[in-house]
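All residue numbers refer to positions in the sequence shown, counting from 1. Indexing begins at 1, ligand by ligand and atom by atom, following the structure's order.
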Amino acid sequence: MFETLSRRIRDAVDKLRGRGRISEADLKATLREIRVSLLEADVNFEVAREFVAKIQEKALGQQVLESLTPAEQILSVVYEELTEVLGGEARQPVLKNEGNVWFLVGLQGSGKTTHAAKLAQFYKGKGRRPLLVAADTQRPAAREQLKILGEKVGVPVLEVADGERPETTAQRLRQHLTFDYRDLVLVDTAGRLQIDENLMNELARLKAAVGPTETLLVVDSMTGQEALNVSKTFDERIGVTGLILTKLDGDARGGAALSARHVTQKPIYFAGISEKLDGLEPFYPDRLAQRILGMGDLQTLLEKAKAAELEAPLKAPGEITLEDVISQMRQIRKMGSFGDILKMIPGMSRMLPAGFQVDDKALNRLEAIVLSMTPRERRDPRILNASRRKRIAAGSGTSVQEVNRLIKTFDDMKAMMKTMHKTKGRGLFRR
Ligand code: GDP
């Protein structure tokens, strides 16, 4: 997430590290670098300018120049300002006890359908009784897609008919709310590749008939701040209460997220962080700012661990087996991409090399190797002689070198864990 922007801001600030006092010229040079990295991340021009101006003002006001740790001081000012630009206080859509009807609107391909299903799963997990509505009266394929996703998350899908009148849809919807005790209706509306007059009219009529309690604009952040330009039209024509920024995983440079509040004046409620149905996070500006600055995000990590019901192994380090490693790995992967999780650990992103990626496929290969072992081999890799290793490589579709590497890594890891255990972590840091 925001890999390049993150690294460039940190590099700019790092140059001040260990410098003792800095001059106003040093500060300005740092701010210039930050401004350029924002613009290159496709952040709105005005946002970048204001951002830097505010940091300068605060930095001078807080006597950063006098400070003996200027890098840390600047970092904390940048953190405050980043949080502010991302929206300040975290905001969530209004959720009443009953009668919640949320519209998801946006261009085709922005991730509306996927996010309707993600929201259904998210709120179902919180004890709600969602209903999905496939409201595209012109594209049966779009309705079909939602039906499939609804089945996956175990939430019923109400499908409109071709050319169904908005009044009819509204009436059917109310029946479901009343007779099926649904308390959160998520309406996946029609989308087009571009803003289109007919679409706006259709959405406005549906909105007038149904009366949603929230209208969420779904925005593809991969297309940068450009994606936000549609928000004005959507807002003028049908009213928008908040945003869902999708595809913040991958190559999103940050432009959409950092420009959103300025351009749209709406809060960002959620972030989409993978194609999978659990790839949804409530949007916390402060936590995201921490991640961008490489400060980690322990709160989100702990929440994910709790949701995945992650359990720590209750074994002494010497007794850990390959089976334990695989089961831990599976549990951690329930929380999302391995690489993203690593980066939520405070300080970790500083230790990882630039462009560091965990290849989730490589993890699958490791798993295949372990699964090709007999239970005895997994418990005691010392018995793995050459012919056993050959058998395992063949069975897992890998090579003997890969098997060797896994066993070596496991041995090293065990040794490291023993050291950590003995020195309560001090040994690790010395390493
Ligand atoms: P719609 O036309 O607005 O309903 O968009 P879809 O829900 O069909 O999504 C378009 C494409 O984007 C699909 O291939 C989705 O899998 C993908 N997608 C949606 N949300 C995300 C996300 O948060 N991250 C990633 N990587 N892909 C996403």
Requested in this report: Decide salt bridge (Lys or Arg N to Asp or Glu O under 4.0 Å) for Glu50 and Arg261; before the verdict, give the C-alpha distance in whole Å, the side-chain angles of both, and the deciding distance to 0.1 Å.
Outcome: CA-CA 13 Å; Glu50 257 175 52; Arg261 199 187 54 168; over 6 Å; no
Query raised in the report: Are Leu158 and Arg172 close enough that some pair of their side-chain heavy atoms sits under 4.5 Å apart?
Result: yes
Query raised in the report: Using a 4.0 angstrom limit on heavy atoms, which residues are close to ligand 1?
Result: Leu107, Gln108, Gly109, Ser110, Gly111, Lys112, Thr113, Thr114, His115, Lys118, Gln145, Lys247, Asp249, Gly272, Ile273, Ser274, Glu275
Query raised in the report: Looking only at heavy atoms, which two atoms of Pro285 and Ala90 are closest? And how far apart?
Result: CD-CA, 3.8 Å
**Report entry** Cationic N near anionic O, under 4.0 Å, Arg182 to Asp180
**Finding:** yes
Query raised in the report: Any idea which heavy atoms bring Leu406 and Leu366 closest together, and the distance?
Result: CD1-CD2, 3.8 Å
Query - Neighbour count above 12 (heavy atom, 6.0 Å) for Arg378 CZ - result: yes
